[in-house]
There are 2 protein chains.
Amino acid sequence: MKPQGKKKATIYDLSVLSGCSASTVSAVLNGTWRKRRIKESTAELIQGLAEQHQYTANLQARGLRNSRSGLVGLLLPVHDNRYFSSMAQTFEAQVRSHGKCPVVVSASRDPQEELATVETLISYSIDELFIAGATDPDSVHGLCEAAGIRHINIDLPGTKAPSVISDNYQGARLLTQAIIKRFDDAASPLKPEELFLFGGRNDHASRERIKGFRDIKTELLGHDSDACIQPTGYSPGMTQKAFEAFYEREGKLPRGLFINSSINFEGLLRFMAQHPHETFADIVVGCYDYDPFGSFLPFPVIMIRQDTESMLAKAFELIEETRPAVKIHLIQPELVHPRTALKGPLDSIRDIDA
Amino acid sequence: MKPQGKKKATIYDLSVLSGCSASTVSAVLNGTWRKRRIKESTAELIQGLAEQHQYTANLQARGLRNSRSGLVGLLLPVHDNRYFSSMAQTFEAQVRSHGKCPVVVSASRDPQEELATVETLISYSIDELFIAGATDPDSVHGLCEAAGIRHINIDLPGTKAPSVISDNYQGARLLTQAIIKRFDDAASPLKPEELFLFGGRNDHASRERIKGFRDIKTELLGHDSDACIQPTGYSPGMTQKAFEAFYEREGKLPRGLFINSSINFEGLLRFMAQHPHETFADIVVGCYDYDPFGSFLPFPVIMIRQDTESMLAKAFELIEETRPAVKIHLIQPELVHPRTALKGPLDSIRDIDA
DNA sequence: ATTATTTGCACCATCGATTGTGCAAAAAAG
DNA sequence: CTTTTTTGCACAATCGATGGTGCAAATAAT
């Protein structure tokens, strides 16, 4: 058994054991010992002791001293859907490849919670912050700015820090167009009042998507009325209610549905669970998010896959610039046809079998 | 504009501003000032200044001093599936309700990565660690033990720390039984060689599930052969290959499929994308994981929903005991019939509309 | 042998917050 | 007006790691 009695070894313990000063030990263990002209043999001695005693640096102490922590944060609205969980997954991989420690936290799309969470992260001297889908990116910016923390917006743009978002307008056009195309050889052509958009709220992404939807819809179907836009917020429950209300009123669902996110799509699932399959036997759904299971549902589901990999790569690139321009970088999303199982971040994880 | 010039205010700044000593400031701001007999008026003075100058404690310094950080960690295998992302979601909620700060990290089911990650967390003086699905919980235990960190296993049990896992044996029995029942009024009854299990590896969960599967299968169908168990690891790619191989050999898929996790289920999706729908028109799938979209696929999908809420609640309960018994606590999972959209952790998030 | 360099390391202040201890001034008791 | 008690707070050590500075001893140059 190793001396793993109670407390963790510190440089002071190793200092005593080695007969060297604590600063020497520190230099050896953090790799700056050549700069400090420490003899190779002393370095080896100390490294040996460190290993024996399972020394690991106290990162809080180190962080306190250099006011950097080695932590890189990702602030998410929520964990529990494939868009954000896959973002978390690629984020972790990328941060690790930079030799830092990823930290992922969610703030429930609650401005208060966002600020509180970011304050906490700042208090831990986080080095960089990726702000994904903040409701109020500019306030978050304020905190980071005041603390001198490099940060960048993902998914929802801010006006005060560089932002990397997916091209929601283009994506929505693609998606809407694909929905409409699906009806090309249908018995009866799709009428403008049969194509609805559900979900989202008054955020940048939703606005752009709605714009894209309306533009292309008007272009292809000749008309679009306000009634066809149903922003229900980002909750499955609210979305379900919206569908129920619609169904109550019209006795059926629209044949063409643009659904603003997979979270809203879950609202449709809840509706479906309450109604016989015939209710939506002939609908076509476009969902602005990709979920592999969603892609195989028993009606055509066209999805948009946002390119989190590129978004994060771009974000890393920007965050490393000394003085990145405060502009919005658009990343093109990808249209995913029904019944498609794309590879994801999990595929780069090596799997060991039993 | 507030004095948010550059650096964050410290107790020393407030000390100067208020004319009090730093220790007084500290006491006031961390709430121990009554114990320390600080006059109410001084407290108010300092609190006022703190607010004005947007003081927030440097948590690294505090953590260094008390060798606690206020951080509670959750170690996941991966983020990117609904089981773990919903675990992360409920974890965060529960940790916050305890007034602490949640930290979620994944380690890719890689023993090395797991240990390295935990070491890092320990170096930040994390207070408690929830270890979910570690490949090697007992080594992780070693690290925590040495550092005096309270920890608990979730999902995959260890032998040295208390564990909260779902009752995989029972769950598998339920699921297998439900699959078989589905064929009760089929044209031809299900034969033993038509019911397969795919996915998983040699971990505790898989073993239990396989046991449950085989037991009930033997019970109800009279026989089960080793050939019907196909552990493919936890990767979609490998699982897909297994299905392709099977299909190559047999010209069809088994009519009854027990799939060990949603990750493996994704392997089936990939297979499906390559083949016409008729290939699996009449299959029944049981998946040991719940995914709302998976539940609505165009063939019957019976799912098991593991009760992460209860698991975490139990885990919190245990981790707060001074000397919890090293035993395994089983949490009953829930059978989810096809076309069911359950509520999840996102439903407890309040949504504000535009 | 003397001076000039280089080598190898120790010393100490510092990061920001916490806490045990001690000591004046104010209030109460006598 | 003393003596005792209480009130209110300051001091200083501490947590662990870092890095600037300084100073001997070893080595090289003259």
Side-chain angles (χ1 to χ4, degrees), chain A residues 6-46 50 53-70 119-120 122-127 147-148, chain B residues 6-46 50 53-70 119-120 122-127 147-148:
Chain A
K6 279 292 78 166
K7 299 292 165 188
K8 294 196 40 163
T10 70
I11 52 170
Y12 297 96
D13 301 330
L14 297 181
S15 154
V16 173
L17 288 166
S18 65
C20 299
S21 77
S23 63
T24 300
V25 175
S26 169
V28 168
L29 296 175
N30 68 29
T32 61
W33 56 281
R34 291 186 182 284
K35 267 195 268 299
R36 291 187 143 261
R37 303 199 310 261
I38 307 287
K39 217 194 305 178
E40 183 133 10
S41 63
T42 14
E44 281 162 4
L45 166 66
I46 292 175
H53 294 267
Q54 309 193 127
Y55 170 84
T56 54
N58 180 321
L59 298 181
Q60 297 207 74
R62 175 179 293 170
L64 175 57
R65 184 58 232 250
N66 359 276
S67 57
R68 298 182 314 98
S69 62
E119 290 237 312
T120 306
I122 290 177
S123 301
Y124 283 109
S125 304
I126 210 173
D127 295 343
Chain B
K6 280 293 78 166
K7 300 289 165 191
K8 295 197 40 164
T10 70
I11 52 170
Y12 297 98
D13 301 331
L14 297 182
S15 153
V16 173
L17 288 167
S18 66
C20 300
S21 77
S23 62
T24 301
V25 175
S26 169
V28 169
L29 295 175
N30 67 28
T32 61
W33 58 281
R34 290 185 183 286
K35 267 196 268 301
R36 290 186 145 264
R37 303 199 310 259
I38 308 287
K39 217 195 302 177
E40 183 132 8
S41 63
T42 14
E44 280 163 4
L45 167 66
I46 292 176
H53 296 266
Q54 310 194 123
Y55 170 85
T56 54
N58 180 321
L59 298 180
Q60 297 207 75
R62 175 179 292 168
L64 176 58
R65 184 59 233 252
N66 352 280
S67 57
R68 298 180 313 98
S69 62
E119 289 236 312
T120 306
I122 290 178
S123 300
Y124 283 109
S125 303
I126 208 172
D127 295 342

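Note that these values count all heavy atoms, side chains included, but never hydrogens, waters or copies made by symmetry. Throughout, a chain's letter reflects where its sequence line sits, starting with A, and its residues are numbered from 1.
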For [X] and [N], give me the distance from atom [atom1] to atom [atom2], rounded to whole Å.
| X | N | atom1 | atom2 | value |
| --- | --- | --- | --- | --- |
| A:Tyr12 | D:dT14 | OH | C1' | 10 Å |
| B:Ile11 | D:dC9 | CD1 | C1' | 14 Å |
| B:Arg65 | D:dC15 | CZ | P | 7 Å |
| B:Arg34 | D:dT7 | CZ | P | 13 Å |
| B:Lys39 | D:dT6 | NZ | C1' | 14 Å |
| A:Lys35 | D:dT21 | NZ | C1' | 17 Å |
| B:Ile122 | D:dG16 | CD1 | P | 15 Å |
| B:Arg37 | D:dT6 | CZ | C1' | 7 Å |

Between [X] and [Y], is any pair of side-chain heavy atoms under 4.5 Å apart?
| X | Y | result |
| --- | --- | --- |
| B:Thr120 | B:Tyr124 | yes |
| A:Leu64 | B:Asn58 | yes |
| A:Gln54 | A:Lys8 | no |

Just checking A:Arg62: base, sugar-phosphate only, or nothing, at a heavy-atom cut-off of under 4.0 Å?
-> sugar-phosphate
Touch check for B:Ser67, heavy atoms < 4.0 angstrom, all strands: base, sugar-phosphate only, or nothing?
-> nothing
Just by modelled atom types, is the [Y] backbone N or O under 3.5 Å from a matching donor or acceptor in the [X] side chain?
| X | Y | value |
| --- | --- | --- |
| B:Tyr55 | B:Asp13 | no |
| A:Ser15 | A:Cys20 | yes |
| B:Ser26 | B:Ala22 | no |

Positional range of nucleotides in DNA chain C within the contact set of chain A, heavy-atom, under 4.0 Å |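 First-to-last contact on DNA chain C, by the 4.0 Å heavy-atom rule, is C:dT7 to C:dG16.
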Taking atom CZ of B:Arg62 and atom OG of A:Ser123, what is their separation to the nearest 0.5 Å?
-> 8.5 Å
Rounded to the nearest 0.5 Å, how far apart are CG of A:Leu45 and OG1 of A:Thr24?
->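 The distance works out to 11.0 Å.
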Dump the intermediate steps for side chain to side chain contact (heavy atoms under 4.5 Å, CB included) on B:Ile46 and B:Leu29, then the final yes or no.
-> CA-CA 8 Å; B:Ile46 292 176; B:Leu29 295 175; 4.3 Å; yes
Looking just at side-chain N and O atoms, do B:Ser125 and A:Gln60 make a donor-acceptor pair shorter than 3.5 Å?
-> yes
Mapping B:Glu40 and A:Thr32 onto DNA chain D by nearest heavy atom, which one lands closer to the 5' end?
->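 Whichever sits nearer the 5' end wins; that is B:Glu40.
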Result for 5'-nearest mapping on DNA chain D, choosing between B:Ala61 and B:Arg36, is B:Arg36
Per the end-axis method with five pairs at each terminus, what is the bend angle of the helix from C:dA1-D:dT30 to C:dG30-D:dC1, to 10°?
-> 50°
For a quick test of reading the model: is some side-chain N or O of [X] closer than 4.0 Å to OP1 or OP2 of [N]?
| X | N | answer |
| --- | --- | --- |
| B:Ser23 | D:dC11 | no |
| A:Tyr55 | D:dA17 | yes |
| B:Asn66 | D:dC15 | no |
| B:Thr42 | D:dC9 | yes |

